[in-house]
Amino acid sequence: MPSLSEVISCLSGYDPNAVPVAQAQQIIRDVVAPVQGVEKVAIRSALDRVLAQDIVSPINVPQHDNSAMDGYAVCGADLGAAGPTVLKVVGTVHAGGRFDGTLNPGECIRIMTGAPMPARCDTVVPQEFTEAADATNATAVTIPAGVVKTGDNRRLQGEDLMAGKPALFKGKRLRPADLGLLASLGFAEVPVQRRLRVAFFSTGDELRSIGEPLDAGCVYDSNRYTLYGMLTRLGCDIIDMGVVRDDPSALEQAFRTACENADAVITSGGVSVGEADYTKQMMATLGDVTFWKIGMRPGRPMAFGKISSNGRSAYLFGLPGNPVAVMVTFYFFARQALLRMMGADDAPLPLMRAVSASAIRKKPGRTEYQRGILTVGEDGLQRVRITGAQGSGILRSMSEANCMVVLHHEQGSVNAGDPVDVLLFEGLV
Ligand code: AMP
Ligand code: MG
């Protein structure tokens with residue numbers, strides 16, 4: 001992987017004081033490399049973990065051609081096209097059983113869903129299309145013309161998963177369907193990437209931890225809790241280092257401890273104009289870190305790079321201090337980088353479209369993230385309205401919202417009724 005300085009030196013028109021969101025995302029993607037380390041875990045423990053190798057199917061699923069319906073297994077060629085066909089019922093086959101006899105022309109076999117297709121049968125006539133004297137113990141059935149085509153209601157061997165073909169690909173975050181799929185192949189364990197270790201701390205002399213008296217002019221540290229939630233959802237092992245004062249030696253010690261113990265370090269606060277100077281000096285001794293002013297709102301200041309201490313290094317995400325800005329910069333920068341470090345597929349955040357319920361003022365030339373509430377009207381249309389005050393310190397706006405309205409870099413003001421992109425919080429990791 002190229003270093004941050006190398007990546008940046010190749011960019012034309014790069015200005016750390018005016019970095020578009022997409023450029024910052026690209027730089028981070030180019031610099032961050034997946035961590036090494038694979039472990040085998042039981043299927044149930046693999047939920048939300050990242051698959052470390054392609055999984056090739058050792059068997060066909062299903063193992064045999066089988067019936068998709070309860071009914072009668074027939075040879076399609078035996079059915080008359082012009083009028084009803086009467087077939088003799090010569091046996092019954094249940095799921096998990098088999099029929100070993102041979103079928104002669106004019107004969108059929110009663111078959112249940114999931115039962116293997118007997119030899120010579122290629123079609124299943126569903127029970128409800130047939131007429132039998134006595135449905136449960138019929139010796140003959142009448143099949144009207146035209147109710148099935150040859151091959152109907154038959155599941156083919158390997159149609160779900162084919163032996164020798166890849167069933168799941170490396171880099172996938174395993175979802176419930178994948179656990180079931182692995183089970184259907186008979187796997188007890190799967191190889192997954194080791195968990196990422198992420199250390200984080202909050203910076204600021206005004207911060208108090210829960211349980212401490214809230215002195216005048218102070219606020220409780222909330223960022224460590226939003227970070228805890230977001231990192232836990234990503235499946236990281238977390239190291240919560242608490243609050244660190246705005247003191248160069250305390251900060252340096254915290255950065256050193258963090259990068260000696262983690263793959264990534266996330267801090268909040270201390271990167272805004274008034275505070276960045278001494279952080280910058282310290283970073284110059286600890287590694288290759290750049291301080292950005294990103295063309296976005298909220299979340300303009302951010303530091304990114306790699307820091308080292310005692311031969312260990314970690315990627316650093318120095319997020320702004322404001323609680324909403326922490327979440328926005330985490331979701332739009334850190335999340336993608338951490339997933340990449342975890343070896344997960346690089347899927348962009350899934351944005352969807354909704355109609356804006358009101359006009360939104362917006363200047364082209366920066367990306368804005370407004371907190372929104374998405375609802376589905378009786379007309380089936382998805383509408384989004386903004387949650388009141390949008391200050392970057394108003395965490396309530398995030399709590400009330402169920403989505404963020406993403407107003408892209410080039411985009412200008414939005415009229416009521418215009419479509420906008422939204423990022424749903426539901427399901428977001
Ligand atoms: P800073 O980026 O350090 O200048 O902080 C910007 C604003 O965010 C200030 O009002 C801080 O008090 C507030 N802030 C910083 N860190 C936290 C935190 N961990 N929890 C709550 N508010 C914070
Ligand atoms: Mg601060």
Side-chain angles (χ1 to χ4, degrees), residues 16-17 19 21 24 198-233 236 238-255 257-258 262 264-283 286 289-305 307 316-335 366 368-371 389-401:
N17 290 317
V19 184
V21 167
V198 182
F200 58 95
F201 55 87
S202 299
T203 71
D205 288 340
E206 78 284 22
L207 301 181
R208 292 293 174 271
S209 292
I210 299 167
E212 292 177 353
L214 193 61
D215 301 324
C218 292
V219 289
Y220 282 123
D221 172 13
S222 58
N223 290 342
R224 277 192 297 129
Y225 295 87
T226 44
L227 282 171
Y228 160 84
M230 294 186 292
L231 289 167
T232 301
R233 285 230 170 141
C236 301
I238 55 174
I239 306 172
D240 181 344
M241 295 179 56
V243 173
V244 179
R245 281 172 301 115
D246 290 318
D247 163 64
S249 66
L251 279 168
E252 179 168 346
Q253 193 46 53
F255 278 116
T257 307
V265 180
I266 299 184
T267 63
S268 69
V271 290
S272 54
V273 177
E275 297 180 311
D277 289 350
Y278 65 84
T279 325
K280 270 185 191 161
Q281 279 169 20
M282 183 184 321
M283 287 305 160
L286 285 177
V289 175
T290 178
F291 286 73
W292 284 330
K293 289 196 182 72
I294 302 178
M296 66 189 289
R297 209 166 87 156
R300 216 158 96 83
M302 193 178 114
F304 168 69
I307 55 174
L316 169 78
F317 299 88
L319 307 184
N322 275 308
V324 180
V326 166
M327 297 195 74
V328 171
T329 49
F330 182 93
Y331 281 135
F332 288 91
F333 301 108
R335 175 190 170 278
R366 70 177 181 212
E368 287 190 20
Y369 303 93
Q370 305 223 359
R371 279 69 76 200
Q390 296 288 307
S392 63
I394 301 179
L395 193 53
R396 181 167 49 86
S397 69
M398 283 300 271
S399 175
E400 284 173 0

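For the numbers below, each heavy atom of this structure counts, side chains included, while hydrogens, waters and symmetry mates do not. Numbering of ligands and ligand atoms starts at 1, following listing order. Position 1 is the first residue of the sequence; numbering continues from there.
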Checklist entry - Between Gly321 and ligand 1, does any nitrogen or oxygen pair lie at a separation below 3.5 Å? => result yes
Checklist entry - Of all the non-hydrogen atoms in the protein, which one sits nearest to atom 10 (O) of ligand 1, and at what distance? => result Asn322 OD1, 4.2 Å
Checklist entry - Looking at Leu395 and Ser222, what are the two nearest heavy atoms and their distance? => result CD2-OG, 4.0 Å
Checklist entry - For ligand 1, which part of Val271 has a heavy atom less than 4.0 Å away: the side chain, the backbone, both, or neither? => result neither
Checklist outcome for this item: closest protein heavy atom to atom 21 (C) of ligand 1 is Ser222 OG, 3.5 Å
Checklist entry - What is the nearest protein non-hydrogen atom to atom 3 (O) of ligand 1, stated with its residue, atom name and distance? => result Glu275 OE1, 2.7 Å
Item to check | Per-atom contacts, ligand 1 versus Ser202 - under 4.0 Å to a heavy atom | outcome: 19 (N)
Item to check | Exercise: identify the closest heavy-atom pair between Arg371 and Ala401 | outcome: CB-CB, 3.8 Å
Next on the checklist: Suppose I only count heavy atoms of Ser272 and a 4.0 Å limit; which atoms of ligand 1 are within that range?
Outcome noted: 1 (P), 2 (O), 4 (O)
Next on the checklist: What protein heavy atom lies closest to atom 22 (N) of ligand 1? Include the residue and the distance to one decimal.
Outcome noted: Pro323 CG, 3.8 Å
Checklist entry - Using 30° and 60° as the class limits, which term best fits the ring planes of Trp292 and Phe304: parallel, tilted or perpendicular? => result parallel
Item to check | Contact summary for Val243 and Ser209, nearest pair of heavy atoms | outcome: CG2-OG, 3.5 Å
Next on the checklist: Pairing donors with acceptors under 3.5 angstrom, does anything connect the side chains of Thr279 and Asp277?
Outcome noted: no
Checklist entry - What are the two closest heavy atoms between Thr267 and Gly318, and how far apart are they? => result OG1-CA, 3.3 Å
Checklist entry - Any side-chain donor paired with an acceptor under 3.5 Å for Arg297 and Ser392? => result no
Checklist entry - Which residues and atoms, counting only protein N, O or S, are under 2.8 Å from the Mg ion (ligand 2)? => result Glu275 OE1, Glu275 OE2
Next on the checklist: Taking atom OH as the centre, does Tyr228 end up with more than 12 heavy-atom neighbours from other residues, nucleotides or ligands that are less than 6.0 angstrom away?
Outcome noted: no
Checklist outcome for this item: In this structure, atom 9 (C) of ligand 1 is nearest to the protein heavy atom Glu206 OE2, 4.0 Å
Checklist outcome for this item: Residue, atom and distance of the protein heavy atom nearest atom 18 (C) of ligand 1 read Asn223 ND2, 3.1 Å
Item to check | Asp240/Arg224 ion pair, N-O < 4.0 Å | outcome: yes
Item to check | Residues, nucleotides or ligands: over 12 heavy atoms within 6.0 Å of Arg396 CZ | outcome: no
Checklist entry - Would you say Gly393 touches ligand 1, if touching means a heavy atom closer than 4.0 Å? => result no
Checklist entry - Between the side chains of Asp221 and Ser202, is a donor N or O closer than 3.5 angstrom to an acceptor N or O? => result yes
Checklist entry - Among protein heavy atoms, which sits nearest to atom 19 (N) of ligand 1, and what does the distance come to when rounded to 0.1 Å? => result Asp221 OD1, 2.6 Å
Next on the checklist: I'd like to check which ligand 1 atoms, numbered from 1 as shown, lie under 4.0 Å from a non-hydrogen atom of Tyr220.
Outcome noted: 20 (N), 21 (C)
Checklist entry - Looking only at distance, does Arg224 have an N or O less than 3.5 Å from an N or O of ligand 1? => result no
Checklist entry - Can you list the atoms of ligand 1 that are under 4.0 Å from a heavy atom of Gly270? => result 1 (P), 2 (O), 3 (O)
Checklist entry - Below 4.5 Å, heavy atoms only, C-beta onward: do Val271 and Leu319 meet side chain to side chain? => result no
Next on the checklist: For Arg366, is the CZ atom crowded, meaning more than 12 foreign heavy atoms sit under 6.0 Å from it?
Outcome noted: yes
